[in-house]
Each structure stands twice: as structure tokens, then as C-alpha cells.
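What follows is a single structure, written as C-alpha cells, with notes after it.
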Amino acid sequence: MSEYTSTDAALSRDEMAKLVAADIPAGAFVNLGIGQPTNVSNFLTTEQGVTLHTENGMLGMGPVATGEDIDGELINAGKIPVTELPGASYFHHADSFAMMRGGHLDVCVLGAFQVSQEGDLANWHTGAPGAIPAVGGAMDLAIGAKQTWVMMGLFTKAGESKLVEELSYPVTGLGCVSRIYTESAIFVIDQSGVTVRSTHGITFEELAERLPIELIRGA
Amino acid sequence: MSEYTSTDAALSRDEMAKLVAADIPAGAFVNLGIGQPTNVSNFLTTEQGVTLHTENGMLGMGPVATGEDIDGELINAGKIPVTELPGASYFHHADSFAMMRGGHLDVCVLGAFQVSQEGDLANWHTGAPGAIPAVGGAMDLAIGAKQTWVMMGLFTKAGESKLVEELSYPVTGLGCVSRIYTESAIFVIDQSGVTVRSTHGITFEELAERLPIELIRGA
Amino acid sequence: MAPRIATSAAEAVSGIHDGSTVLIGGFGNAGQPMELIDALMDCGATDLTVVNNNAGQADAGLALLIKERRVKKVICSFPRQSDSWHFDEAYRAGEIELELVPQGNLAERIRAAGAGIGGFFTPTGYGTMLAEGKETRVIDGKGYVLETPISADFAIIKAQRADTLGNLVYRKTARNFGPIMATAAKKSIVQVSEIVAAGELDPENVITPGIFVDTLVTIGGTK
Amino acid sequence: MAPRIATSAAEAVSGIHDGSTVLIGGFGNAGQPMELIDALMDCGATDLTVVNNNAGQADAGLALLIKERRVKKVICSFPRQSDSWHFDEAYRAGEIELELVPQGNLAERIRAAGAGIGGFFTPTGYGTMLAEGKETRVIDGKGYVLETPISADFAIIKAQRADTLGNLVYRKTARNFGPIMATAAKKSIVQVSEIVAAGELDPENVITPGIFVDTLVTIGGTK
């Protein structure tokens with residue numbers, strides 16, 4: 001874990017994705033969730049030798065397919081046509097989720113509605129009356145990988161913190177999130193609590209003021 | 001089920017195997033246990049189109065390999081080199097036993113120490129003091145197939161019936177045996193009880209006298 | 001038994017009857033047995049319970065079955081999509097039952113049915129509303145939910161190629177639910193681009209052994 | 001992480017330490033990683049718990065480890081064979097612990113460990129002495145036994161060919177326990193006849209994806 005740092009401006013989405021990509025260990029097996037996390041793949045370097053898993057049955061997924069490479073039978077979990085890298089492999093759905101649930105993936109990066117200070121994740125259902133629920137692989141992804149990282153905006157449109165004491169949205173998985181990347185700060189959650197690794201466009205003190213939980217300043 | 005028949009002489013091992021083979025439905029998927037049941041394969045006809053399963057990971061097993069066909073990496077559950085038929089497939093041990101346990105095999109033929117009138121099977125352990133137990137696939141085979149048939153001698157060396165009211169040997173599987181082929185008689189076990197389908201070198205009355213259970217004479 | 005080779009999708013699905021539980025393969029369009037689903041639509045069977053990852057998209061396939069109220073219950077992981085309007089309408093009208101299952105539990109429950117497993121403890125969904133009413137257990141400090149097998153009367157799936165004994169190979173991510181669904185149904189109906197002679201598929205590369213396949217039908221190759 | 005490519009069997013197993021639980025592949029001689037077992041013998045690790053279908057045969061491999069009392073416990077389905085004299089002697093002397101598991105439950109327990117399943121209900125063994133002391137349950141009129149996963153520190157297995165990313169293919173019935181054992185160990189050590197470049201194995205035909213493989217070593221091809 002790098003030292004505590006601070007920048008004057010909030011992070012752009014690409015900057016967030018770049019930081020996540022840089023934190024992924026060399027040679028890791030990684031699942032990138034739908035939405036913002038997918039963008040992380042654009043910042044992984046060849047030297048990192050990261051292998052991407054897609055839960056619909058593939059390891060060694062390459063970039064999004066374009067032009068003649070588009071093949072309706074080669075898609076990612078977001079149903080977008082992708083490509084195959086040398087050394088890829090295909091497997092059926094039960095094997096694919098066994099790979100995830102069995103703890104074989106090093107990192108899974110997901111979006112979130114809320115994360116609690118205990119690392120509980122809410123990202124599948126708003127709980128709004130009348131909303132039709134849909135879970136997909138969210139609950140499997142949340143608890144399957146060795147580490148689950150979240151990318152999200154830190155505040156709601158109304159300005160409320162999405163890093164909370166306790167979830168108010170329905171739970172996706174308990175105690176599973178170990179890092180949160182936001183435009184304003186990067187957090188690490190472990191036994192000692194919630195540590196702020198960096199702040200962006202906000203000071204540690206301002207952040208501590210706005211968030212409803214106790215924060216540790218990174219060393 | 002054929003009508004009740006009787007022959008003057010006890011069946012030889014080959015005659016038993018031939019009768020079992022003739023009873024296997026056309027196109028069936030079958031597992032033949034180690035020992036006497038293996039002999040059944042010698043009497044299956046090409047027209048029957050029976051596919052043999054071996055629990056160490058293969059469907060479409062062919063005859064025992066000889067000469068140049070012997071390949072140490074192509075063996076049956078008895079560790080004997082075998083051959084591969086066109087349309088064969090290989091799979092790992094968990095998939096192989098899932099195929100069995102999931103009820104996909106039509107018939108499994110096994111040897112036995114004892115069978116009870118309820119179809120309970122004992123064939124894995126004598127229960128003798130000091131005997132080292134070994135179960136292999138016996139318990140999986142007993143309860144996995146749609147039908148489990150037994151081939152055995154009807155009497156112990158001491159002349160006691162191996163078709164019993166209740167097992168005295170340790171159980172392999174409960175209520176799993178539906179047919180028993182012996183040198184002296186062929187039995188069908190179902191809801192109505194134990195029906196004698198044929199007798200060989202013994203009359204139905206003599207058989208009823210010697211066995212400790214109630215017998216139904218086949219129609 | 002070597003599979004029946006049907007001459008049309010209609011003939012292939014003709015055994016599917018009112019009240020059947022049907023596993024339908026596919027994830028998105030990949031591996032979706034479109035022609036078999038269309039034939040199921042045409043055959044008129046109703047009161048179906050359908051197991052699929054989704055609950056129909058746009059105005060085709062499963063979505064039409066739902067529109068016509070031929071599906072009484074859907075077991076799936078992701079019913080709501082931008083174009084799941086027929087499901088949304090049926091659901092809001094209270095005219096279709098939904099059993100929502102996390103995708104990995106859905107796959108494992110189908111596999112369990114085919115493998116003769118009576119139930120299993122899975123960590124997925126523990127502590128969530130999808131575990132409500134289910135038995136839970138903490139094993140070695142980790143929470144698990146007891147999930148049960150999902151078996152079915154029929155599976156309709158798509159593979160790339162079959163041999164005459166029903167051995168199947170798939171293509172890329174179109175494999176998805178096909179291999180496990182084939183094991184979990186009393187009767188598996190498979191559409192393929194091509195049927196070859198027994199012995200033409202390498203036994204090392206067979207993904208679904210023929211024991212799991214009951215009916216084959218050739219539908220013009222997709223690629 | 002792409003697997004480490006060891007230059008010898010000795011180097012491949014050098015991480016195996018006293019007290020390790022080791023899954024050993026093979027059914028009979030097929031798929032048995034003989035050279036890795038010999039190297040395990042030479043490396044001196046003791047107090048091992050070994051999971052294998054058998055408990056060693058004749059005067060080679062696992063039988064020698066047992067003879068030298070390096071194995072404190074064997075988990076297997078079929079220990080007693082005509083040539084299992086070293087196991088028989090250690091067992092009768094009370095110098096080795098035996099956990100006897102029906103073969104299909106052994107395979108499923110190993111698979112469960114790799115798949116993150118906390119336990120499962122299996123019909124195999126219900127009503128037998130191998131279910132004594134275990135939780136049982138009747139589900140839909142059928143009896144089941146609750147079985148738990150078997151995970152391990154190491155797996156040592158044999159495959160036919162690997163690529164540099166650790167993707168594996170096997171050969172005929174030598175496949176047996178290899179694919180599931182590779183998933184259930186913290187570290188999987190694999191001996192192969194040949195290592196090819198990434199991209200040389202058809203992704204459709206990979207049996208064990210490289211994610212499950214930690215160390216590769218080439219041992220002269222067997223056929």
C-alpha cells in the first residue's frame with residue numbers, strides 16, 4: 001500500500017480507472033464488473049500480464065471486438081462482443097462460477113450504491129417499491145474473489161455519503177469490500193477500520209467532516 | 001419381464017452373463033462392476049447398441065485391449081487396459097460420478113455378498129474383525145443407476161442363502177437392487193416382493209424351502 | 001439410447017406439454033436456441049416454468065412466450081433489462097411468478113440436479129434478502145445458504161456440432177448453460193449446426209457426452 | 001500468475017513441507033504423477049496427509065512414503081489391494097490414520113473445495129457405516145449424507161500437455177482426478193510431457209484453465 005497522498009482536483013473516471021489498473025498485481029486473474037470497472041481494462045499494461053475472467057465462461061478475454069472481429073458467440077458478461085487472447089479457455093457456467101466462488105480470482109472490481117464501514121456491499125437493488133429486482137452475478141462476484149474492490153462516486157446527487165455506517169440499500173454481500181476508489185478519495189477497509197489512502201480535491205479533514213464514519217489517515 | 005421358466009441344470013457363469021446381457025435394453029448406458037459382471041460385455045451384441053461406462057472417466061468403452069492396443073492410460077475401473085469405441089468420450093472423476101449419481105445410467109450390474117428381500121445390498125466389506133475396509137465406487141454404483149442388478153452365487157460355501165431377510169454384512173446401499181441373477185434362480189425385487197423369474201437345477205418348491213424369505217412364483 | 005434426430009425444430013419440441021418445466025440455454029443471444037424457442041411458441045404448450053438467465057428480451061423468443069402468458073413462472077438471475085418489457089408488464093400485472101436466483105447459484109443448482117446432489121451450502125447470497133426463508137449455516141466462520149437442485153422435464157439448448165450418438169461440442173461463450181442444463185432435464189433437446197458420424201469428434205474434446213442428449217435437430221449454421 | 005516452470009521434479013515439489021495435505025492424482029497407474037511422488041519422497045517432508053484414490057501399491061511411489069512413515073493420514077476410497085502391503089502393515093500397527101470415503105463422494109468433496117461449496121447432501125453412503133456420525137437428511141423421500149469439502153495445501157498431478165500459461169489437457173482415462181484436484185489445492189504442481197506456447201492449445205479443448213496451475217515440470221513423455 002502506497003503512502004498517503006493528496007491532489008488538488010477530484011479524479012476523473014479515467015484517472016480512477018488508471019489508479020485501479022495500477023494497483024492490480026502483476027499476473028493477477030481479475031473480473032471487471034459491468035459499468036465503470038470495465039474501463040479499467042483500458043489501462044492495464046501488457047507487462048502486467050493480467051488475465052481477465054468473464055463469468056459467462058471465459059478466461060483470457062481480450063479487448064472489445066470491432067469490425068470483422070465481432071462474433072455474437074464471443075461476448076462478455078455485459079453482452080458486448082469481445083476478443084480472445086492467446087492462452088484463453090472456455091468453460092461452462094457452473095465451472096465459471098465455481099472458479100469465482102472457490103476464491104481463485106485475485107481481484108474483482110465492482111460498482112456500488114453503498115459500502116459500509118465493515119465492507120458490506122450494496123449494488124444490486126435499490127429496494128424502491130415497485131422496482132423489479134435483478135441480481136445477475138452480483139452476489140457471486142461480491143464474495144467470490146480474494147479481494148473485492150469498488151469504484152463509485154463518493155456522494156449521491158443529494159450530497160450524501162455512499163460510504164456509510166450501515167447499509168440502507170439491500171445487501172449484495174457482507175464484509176467483502178477491501179478497497180473503494182472514488183473521485184474524492186481512495187479507501188482501504190481492513191481489521192483496523194477505514195483508512196484513507198489518498199484525497200483528491202478535498203482535504204482529509206473536510207472528508208472526515210462529510211463522512212458519517214470514523215476515518216484513519218493513511219501513513 | 002419374461003414368463004416363469006425352469007431348466008434342469010444350474011446356470012454356468014457364462015450362461016448367467018448371457019442372460020444378463022440379453023435383459024439389457026437396446027441402447028442402454030451400462031456400468032459393469034468388477035468380477036463376474038465384467039463378463040456380461042462378452043455377450044452384448046452390436047445390434048443392442050449398449051454403451052459402457054467406466055467410472056474412472058469414460059463412456060464408450062470397448063473390449064479389453066490386447067497386444068499393441070494396450071495403453072496404460074486407457075484402463076477400466078478394474079485397472080485393466082481397454083479400448084475406445086467410435087463416439088467415446090472422456091471426463092474427470094467428479095463428472096463421471098455425477099453421471100452415475102444423477103441417475104443417468106440405465107443399468108449397473110454388480111457382484112454381492114448378500115442381498116436382502118428389500119433390495120438392500122452388501123458387497124463391499126465382510127465386517128470381519130481385522131479386515132481393512134475398502135469401498136471404491138461400490139456405494140456410488142449401488143445407488144446411482146436407474147436399475148441395479150446383482151450377479152452372485154445364491155448360496156455360501158456352507159450352503160446358506162445369500163438372499164436374506166436382513167443383511168448381516170455391512171450395507172453398501174439400501175433398497176437399490178431390483179434383479180438378482182444366480183446359478184439357481186433369477187429374482188426380481190419390486191413393490192410386490194421377491195418374484196422368482198426362473199429356476200435352474202432346482203424347483204420353485206425346493207427353492208422356497210431353502211430360502212429364508214417369502215418368494216412369489218413368476219407368472 | 002442414441003438420440004432421436006428430428007427433421008425440424010417443431011418435431012424436436014413436440015413432446016413439451018402443458019405444465020412442463022423447461023431449461024432454456026443461452027446468455028444473451030450467445031447459445032440461445034432461438035429456433036427451438038420459436039417452435040415452443042408455435043407448439044402451444046402453456047403453464048410453463050422456464051429456467052433461463054434472463055426473462056426474455058425485446059419481441060422475440062422467450063419474451064413472446066411471456067407476452068402470450070404461456071409462462072407461469074420464471075426462475076432466473078436477471079429479469080429486468082432495458083428491453084424486457086413483456087416480462088415487466090406480466091410481472092407488474094401479477095401474471096407471472098418470479099424466482100430470482102444469483103447467477104452462480106442458478107448454475108450450481110442446475111448442476112446439482114444433474115449430479116444427484118440433494119442440496120448444497122453456498123456462500124453466495126448469505127445475509128441478503130435472497131436468502132430469506134432459507135436455511136443458513138456458519139461453517140468455519142463463513143456464512144452459507146442451503147440451496148436445492150433445479151431439475152426439469154426438458155432442456156432446450158444450442159451446441160455447435162453433434163455426432164450421431166449425441167456427443168456435443170460448443171463454440172466460445174455460447175457454451176454457457178448448455179452443458180449443465182443437458183444433465184438436469186429428463187429430456188434434452190439440442191439444436192446444432194451440424195451432425196457428424198460417431199468417431200468424428202475427438203473423445204478428449206467432447207463437452208457433453210451423448211448420454212445427456214435425447215433429441216437433435218440441425219438448424220442452419222450460425223458461423 | 002503464469003506458472004513457475006521448474007527444471008526438475010525435485011524443484012517442483014520443494015515447497016511441500018512437514019504437515020502438508022497433498023492431493024495426489026491418478027487412478028491405478030493412469031494419471032499417477034510418479035516422478036513428482038518420487039521427488040516428494042526425496043524431499044523429506046513428513047507428517048503428510050495424503051488424498052488419493054488408493055493407499056499405495058507394491059514398492060513404489062505412495063507405498064514407499066507410507067513405508068517410511070511419512071504419511072500420518074490417508075483419505076482414500078480403496079486402500080486395501082493385493083499389493084498394498086506397506087499400507088496394510090502401517091495400518092495394522094496403528095501408525096497411519098485412514099479416512100475411507102466412497103469414490104464418488106471423494107471426487108465430489110474435492111470438487112466442492114475447489115468450487116467454494118461449504119458442504120453437500122449426497123445419497124452415496126446413506127444407511128451405511130461410512131455415514132456413521134455424519135448428518136443425514138431425507139429429501140423428497142430419499143436419504144442423503146452431508147459431506148464436507150476436502151481442500152489441500154498442494155496437489156501433485158499429471159497431465160499430457162500444458163501451455164506456458166498453465167492451461168492443461170489430459171490423455172484418456174489418465175484425466176481422472178487431475179482436473180478437480182488442481183482446483184482444490186492452494187498450490188498445484190503438474191508434471192506434463194510437453195509445454196507449448198500460449199495459443200498452441202485450442203481454447204475450446206482446455207480441460208484445466210491455467211488459473212489452477214502454479215508449477216509445471218516437463219517429464220519425458222510417456223506416450
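Just so it is clear, the values below take in all heavy atoms, side chains as well, and ignore hydrogens, waters and symmetry mates. Residue numbers begin at 1 in each chain, while the letters A, B, ... track the order of the sequences.
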Does D:Lys72 have more than 12 heavy atoms from other residues, nucleotides or ligands lying within 6.0 Å of its NZ? yes

Ranking B:Thr172, B:Ile75, B:Val171, B:Asp140 by heavy-atom pairs under 4.5 Å to chain D gives rank one to B:Asp140

Say you draw a straight line from CZ of B:Phe91 to CG of D:Asn176; how long is it, rounded to the nearest 0.5 Å? 12.0 Å

For the atom pair NZ (B:Lys79) and CG (D:Asn53), what is the distance rounded to the nearest 0.5 Å? 6.0 Å

Let me see the working for D:Arg171 and B:Asp71 under side chain to side chain contact (heavy atoms under 4.5 Å, CB included), right down to the final yes or no. CA-CA 11 Å; D:Arg171 189 167 171 278; B:Asp71 178 340; 2.5 Å; yes

Plane angle bin for D:Phe27 and B:His93 - parallel if under 30°, tilted between 30 and 60°, otherwise perpendicular: tilted

Contacting moiety of D:Phe87, where chain B heavy atoms sit under 4.5 Å: side chain

Per-residue contact mode, B:Pro133 against chain D (heavy atom under 4.5 angstrom): both

Return the option, out of B:Ala77, B:Ala122, B:Ala142, with the maximum number of heavy-atom pairs under 4.5 Å with chain D. B:Ala77

Applying a strict 4.5 Å limit to non-hydrogen atoms, the region of B:Ser89 in contact with chain D is neither

Checking D:Arg92 against chain B: side chain, backbone, both or neither under 4.5 Å from a heavy atom? side chain

Test item: D:Arg111 side-chain N/O and B:Ala94 main-chain N/O as donor-acceptor pair under 3.5 Å: no

So, applying salt bridge (Lys or Arg N to Asp or Glu O under 4.0 Å) with B:Glu73, which one of D:Lys158, D:Lys172, D:Arg175 is it? D:Lys158

Between D:Gln81 and chain B, which part of the residue has a heavy atom less than 4.5 Å away: side chain, backbone, both or neither? side chain

Flag the one option from D:Leu106, D:Asn105, D:Leu130 with the top tally of heavy-atom pairs under 4.5 Å to chain B. D:Leu130

Which pair of non-hydrogen atoms, one from D:Pro79 and one from B:Ile132, has the smallest distance, and what is that distance? CG-CG2, 4.3 Å

Heavy-atom pairs under 4.5 Å with chain B: which of D:Ser84, D:Ala30, D:Ala55, D:Gly143 has the most? D:Ala30

D:Glu99 atom CD, over 12 foreign heavy atoms within 6.0 Å: yes

When D:Asp88, D:Leu100, D:Ile207 are compared by non-hydrogen pairs under 4.5 Å with chain B, the top option: D:Leu100

Can you tell me which portion of B:Asn76 sits under 4.5 Å from chain D's heavy atoms? Options are side chain, backbone, both or neither. backbone

Carefully, step by step, assess D:Gln103 and B:Phe97 under the rule side chain to side chain contact (heavy atoms under 4.5 Å, CB included). CA-CA 8 Å; D:Gln103 196 171 157; B:Phe97 280 83; 3.6 Å; yes

Is B:Tyr90 in contact with chain D via its backbone, its side chain, both, or neither, using a 4.5 Å heavy-atom distance? both

Other residues, nucleotides and ligands only: do more than 12 of their heavy atoms fall within 6.0 Å of NZ on B:Lys162? yes

In terms of heavy-atom pairs under 4.5 Å with chain B, which of D:Pro179, D:Ser77, D:Ala107, D:Cys76 leads? D:Ser77

Between the CE atom in B:Met139 and the CE atom in D:Met129, the distance rounded to the nearest 0.5 Å is 7.5 Å

Is it the case that more than 12 heavy atoms not belonging to B:Arg13 sit under 6.0 Å from its CZ atom? no

Distance col, row B:Ile143:CD1 vs D:Tyr126:OH, nearest 0.5 angstrom, shows 12.5 Å

